[in-house]
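Step one of this worksheet: look at the structure below.
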Amino acid sequence: MNVSPSDKVSEESFSKRQRFSRIAVNVIKRPEIGSIGGAILVFIVFFTLAEPFRSLGPWSTILYQTATLGVPAVGVALLMIGGQFDLTAGVGVVTSALAGAMFTTQISGNLWFGVVFALFVSLLIGAVNGILLVKTKLHSFLVTLGTFLMLQGGNIAITKLVTGRVSTTDISTFPGFDSAHAIFAARFHIFSLSISIILVYWLVLVAIATWILTRTTVGNWIFAVGGEESSARAVGVPVDKMKIALYMGVGFCGWLLGMHELMAYQTVASGGGKGNELLYIAEAVVGGCLLTGGYGSAIGSAVGALVFGMTTQGIIYANWNSNWFMFFVGLMLLAATVFNGWVRRRVM
Amino acid sequence: MENKKPFIELSNVGKVFGAIRALKDINLSVELGMVSCVLGDNGAGKSTLISIISGLYSPTEGDYLVDGEKKLFSSPRDALDLGISTVYQGLAMVPLMPVWRNFFLGSEISTGRGLARRLDRSKMKQIAADALKEMGIVIKDMEQTVNTLSGGQRQCVAIARAIHFGARVLILDEPTAALGVKQSGVVLKYIASAARDAGVGVIFITHNPHHAYMVGDSFTILSQGEIGLTARRSEVSVDDLIYRMSGGAELESLEHELANV
């Protein structure tokens, strides 16, 4: 074949353009892309409207909010990629904190035993959710709606039974508090930012979850279980074990946040946590997780948490009625879902 | 070539489910490097036959021989260990996952130790790309998700995967059933090359006599759980297959009756 010089040049520039467009497609194909756009948008809005957004100090609170919203969302995101819901993720945090507090004050006396007991309870809740799901073959929404209601009622009823009140007694006088506080609720300063250690744990969790999802066999299996369960089963993926483990992962995240809240506030109100499970799911969805499973990322859930963290504080700093928060959560959820779906249809 | 020793041999195999007789007196032999077509209408017993060969059911009558030895499988795993691999219509693929991840799903290659143990992504991509290329399937990007492939390509990836993981006999369950003419062509070409180039024995299950005749070396027609016809390629024409498939004589008498209405 004869190739004239001009042909060659155009061919080269074509392939260069093609390579560029492939990189562009790979970037836009990332599940997080919608949430990153959303985060930038929210930042610009509040940067313009709320004066405190422009200085560093208030970001201590914004980042703290983000981390507490983000920790359970990491577990929830992995679970959703695995194709399941967990409605106990919100009250599970409180259950864990209550279990730790009451075990310490009533039985062990040392806070660290309470911490270990709380971990046991959290993992047990996850395992029970998972086993119920696998055994009954019901939809995860239904199974965890049941366990969610049980926990919600049980939290208050058992607390009343044990302490006679609706919240636990102060744990700060018990042995082990200082070390536990240092581990779960320490604060340190970077410039004028006051950083809670939970923020560090959250970032570590996101990194580990991302590693697991994209770089390990288990991650491959999580995507497969959520994407096409029968196929995963056919090639020998232990589908049931994966589901149970994913629920226990949500339990672990709940425990981490629960211990932070216990050490930071020393008492636990037994009625808390309701409604947060939907926020965690919303963060994961804004971050690109599909409700139907098999697609998403842990980083996306983190950006989703940042979007909601900026929104809660931004609304306060802009002197709006705080009830607008839920309004914006809903609005962003819809916008992100529509946008993510549009991108996926375009490039995949 | 005609007298090659069969790798799989079914002799007088039958299967009874309670009061229902699904298969009776089935004789079938599969040679390596050859395409054996099993044709039949819905309900002819094709699925039961697949299930027996792939080790899901054991036959209630007759013998199942692999490489001349009598076998009794308790699970598909046993059959798979002998290199008998089934590609079902669902293909066991995950649509939203990249080609290379699908290729190695359940048989991932890892590298590193302890906490640093991770998927060997570049190696898996390379192996998958090579295995596909060797079979003449061109997929530009291993990161492409499976749902962006055409139906024919998807089928071919599933077949290439089975061959890569040591399949000596491939059972293909209606691989062209859901495909258009062009895509069917891609898959048929691929079936022929799997047998000829990779030396795999193929059991091609189909209800399409045209497709069967294009690639088949031998033909077995099932009807109502029994063998209606067994023939080598040299012994039949595509018209014979069509005639026998469509019920032949029965259809002729029906035509007669209709003509007199």
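Letters go in sequence order (proteins before strands), and every chain restarts at 1.
Contact annotation for B/R77: neither backbone nor side-chain heavy atoms come within less than 4.5 Å of a heavy atom of chain A. The parts of B/R101 that come within reach of chain A are both its backbone and its side chain, each placing non-hydrogen atoms under 4.5 angstrom from that chain. Contact of A/S230 with chain B is not made at all, since no heavy-atom distance falls under 4.5 Å. Contacts of B/D120 with chain A are absent, with no heavy-atom separation under 4.5 Å from either backbone or side chain. Using a 4.5 Å cut-off between heavy atoms, B/A116 contacts chain A through its backbone alone, with no side-chain atom that close. Residue A/I212: no heavy atom, backbone or side chain, is found under 4.5 Å from chain B. Only the side chain of B/M97 comes within contact range of chain A, judged by heavy atoms closer than 4.5 Å.
With rounding to the nearest 0.5 angstrom, the OG1 atom of A/T217 is 12.0 Å from the CZ atom of B/R118. In this structure, CG on B/L119 lies 8.5 Å from OG1 on A/T214, to the nearest 0.5 angstrom. Here the CZ-OG1 distance, from A/R215 to B/T111, works out to 12.5 Å after rounding to the nearest 0.5 Å.
For B/Y88, the OH atom sits in a packed shell: over 12 heavy atoms of surrounding residues, nucleotides or ligands are nearer than 6.0 Å. At most 12 heavy atoms of other shown residues, nucleotides or ligands fall within 6.0 angstrom of atom CZ in A/F141. Annotation: A/F120, atom CZ; neighbour count of heavy atoms from other residues, nucleotides and ligands within 6.0 Å does not exceed 12.
Between chain B and the residues A/G226, A/G236, A/A232, A/A224, the most heavy-atom pairs under 4.5 angstrom are made by A/A224.
Applying the side-chain contact (heavy atoms from CB on, under 4.5 Å) test between A/V235 and each of B/V94, B/N102, B/L105 identifies B/L105 as the sole match.
Minimum interatomic distance between A/A234 and B/A92 (heavy atoms only, all atoms of both residues): CB-CB, 3.9 Å.
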